[in-house]
2 protein chains.
Amino acid sequence: MARAQTLSRNQQIVLDIIEKAKGPLKAYSILFNVQKKGINAPQQIYRALDKLIEMGKIHKIESKNAFVACRSSDCEISKATAFSICESCEMVDEISDTKLSKYLSGFNHKKGMKFKRFNLEFFGICKKCKKD
Amino acid sequence: MARAQTLSRNQQIVLDIIEKAKGPLKAYSILFNVQKKGINAPQQIYRALDKLIEMGKIHKIESKNAFVACRSSDCEISKATAFSICESCEMVDEISDTKLSKYLSGFNHKKGMKFKRFNLEFFGICKKCKKD
DNA sequence: ATAACGTTTGTTATAATATAACATATTTGA
DNA sequence: TCAAATATGTTATATTATAACAAACGTTAT
């Protein structure tokens with residue numbers, strides 16, 4: 001059985017950095033940030049990332065190969081994720097919209113495949129960037 | 001002005017291979033397949049892929065770093081894509097569901113960002129794989 | 001026809017992202 | 001406390017993607 005709550009040392013270090021970040025972080029940028037803490041190899045980062053994703057503490061933004069902290073308390077396990085991504089400043093915002101989530105969770109493919117999980121990424125230009 | 005219809009030699013070669021494939025193809029597997037045709041370098045593949053995506057002829061499956069031919073006649077420009085992905089056999093199916101597409105195209109983020117484009121990936125186990 | 005422009009190609013090199021494999025240590029629970 | 005599972009450290013390597021530059025090709029306007 002997986003340890004439900006406690007994070008290991010490396011997992012905690014990686015999570016802290018992702019949570020403090022203003023935007024999505026890439027694996028190697030996390031690595032460079034934690035070398036002072038004695039983490040030296042990509043493996044260590046990727047292993048922590050994998051576990052954190054499993055636990056629903058972070059999400060991977062697939063289109064950017066980058067990672068963000070989960071902000072929505074209700075996604076213990078990441079099976080329904082949606083993000084808003086600014087193509088100009090790279091800002092990523094997790095969308096937690098009950099209606100959207102229900103709509104997509106209930107969506108069934110004609111070809112009879114039952115879905116376990118989805119990931120949705122919206123792209124546009126955020127308000128801030130539009131002003132410039 | 002972009003040439004609307006005609007594909008260049010390399011673009012045509014890459015598109016042909018993707019269209020013939022039963023499933024999503026990775027850039028380097030495309031490369032290995034076309035070396036007999038005189039294409040030797042990743043750049044040549046990635047350049048063709050980029051243009052084909054721009055034209056809406058193919059889509060990138062972000063979660064797999066792989067490429068599939070577009071099967072839906074109405075997505076000249078890929079601004080609203082949805083896929084069904086089997087986690088067992090890796091099969092990918094493009095979903096063209098008008099209702100879903102309309103629902104998502106009309107979706108507006110609370111924070112006021114206007115979306116130009118989205119990509120949705122559903123995951124599960126396909127019918128075929130369930131039988132086994 | 002030819003000059004000018006944009007696009008495509010070819011090529012070498014390298015950057016960025018991710019996993020394999022193995023040895024050791026730590027934690028957990030029966 | 002012993003066994004099992006989980007986490008760590010480490011070296012090496014695989015995979016995915018882009019930079020930079022020179023040459024060829026295609027279009028269009030003159």
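Each chain gets a letter, A, B and so on, in the order its sequence line appears, and its residues count up from 1.
Counting only distance, with no hydrogens or angles, the side chain of Lys60(B) and the backbone of Asp50(B) share no donor-acceptor pair below 3.5 Å.
Rounded to an integer number of Å, the gap from Leu49(A) CG to dT19(C) C1' is 13 Å. Rounded to whole Å, the distance from CD on Gln35(A) to P on dG9(D) is 13 Å. Counting to the nearest Å, the P atom of dA18(C) and the CG atom of Leu25(A) are 13 Å from each other. Separating the NZ atom of Lys37(B) from the P atom of dT9(C) is a distance of 14 Å, rounded to the nearest angstrom. Remark: C1' of dC25(D) and CG of Leu7(B) are 16 Å apart, rounded to the nearest angstrom. One can place CG of Leu31(A) at 15 Å from C1' of dT8(D), the figure rounded to the nearest angstrom. For the pair Arg9(A) CZ and dA25(C) P, the computed distance is 16 Å after rounding to whole Å. Rounding to whole angstrom units, CD of residue Gln11(B) and C1' of dC25(D) are separated by 13 Å.
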> What does nucleotides 12-20 of chain D look like as a protein-contact string, B for base, S for sugar-phosphate only, - for none, at under 4.0 angstrom between heavy atoms?
Replying inline: ----BBBBB

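Contact annotation: the side chain of Leu104(A) never approaches that of Phe115(A) to less than 4.5 Å [non-hydrogen atoms, C-beta and beyond]. Between Phe107(B) and Asp97(A), some side-chain heavy-atom pair lies under the 4.5 Å cut-off. With a 4.5 Å cut-off on side-chain heavy atoms, Ile95(B) and Leu120(B) do not count as touching.
Asn10(B) has a side-chain polar atom (N or O) that falls below the 4.0 Å cut-off from OP1 or OP2 of dG10(C). Side-chain nitrogen and oxygen atoms of Asn40(A) include at least one within less than 4.0 Å of the OP1 or OP2 phosphate oxygen of dT10(D). Considering only side-chain N and O atoms, Ser8(B) lies under 4.0 angstrom from the phosphate OP1 or OP2 of dT9(C). The phosphate of dT6(D) (OP1 or OP2) has no side-chain N or O of Lys51(A) nearer than 4.0 angstrom. Applying the 4.0 Å criterion to OP1 and OP2 of dT9(C), one finds that Gln44(B) has every side-chain N and O outside that range.
Membership of the apolar cluster around Phe123(A) extends to Ile61(A), Val68(A), Phe83(A), Ile85(A), Val92(A), as traced through chained side-chain contacts below 4.5 Å between ILVMFWY residues.
Atom NZ of Lys57(B) sits about 14.5 Å away from atom NZ of Lys51(B), to the nearest 0.5 Å.
Contact between Glu121(B) and Ser63(B) at its shortest, heavy atoms only, is OE1-OG, 2.6 Å.
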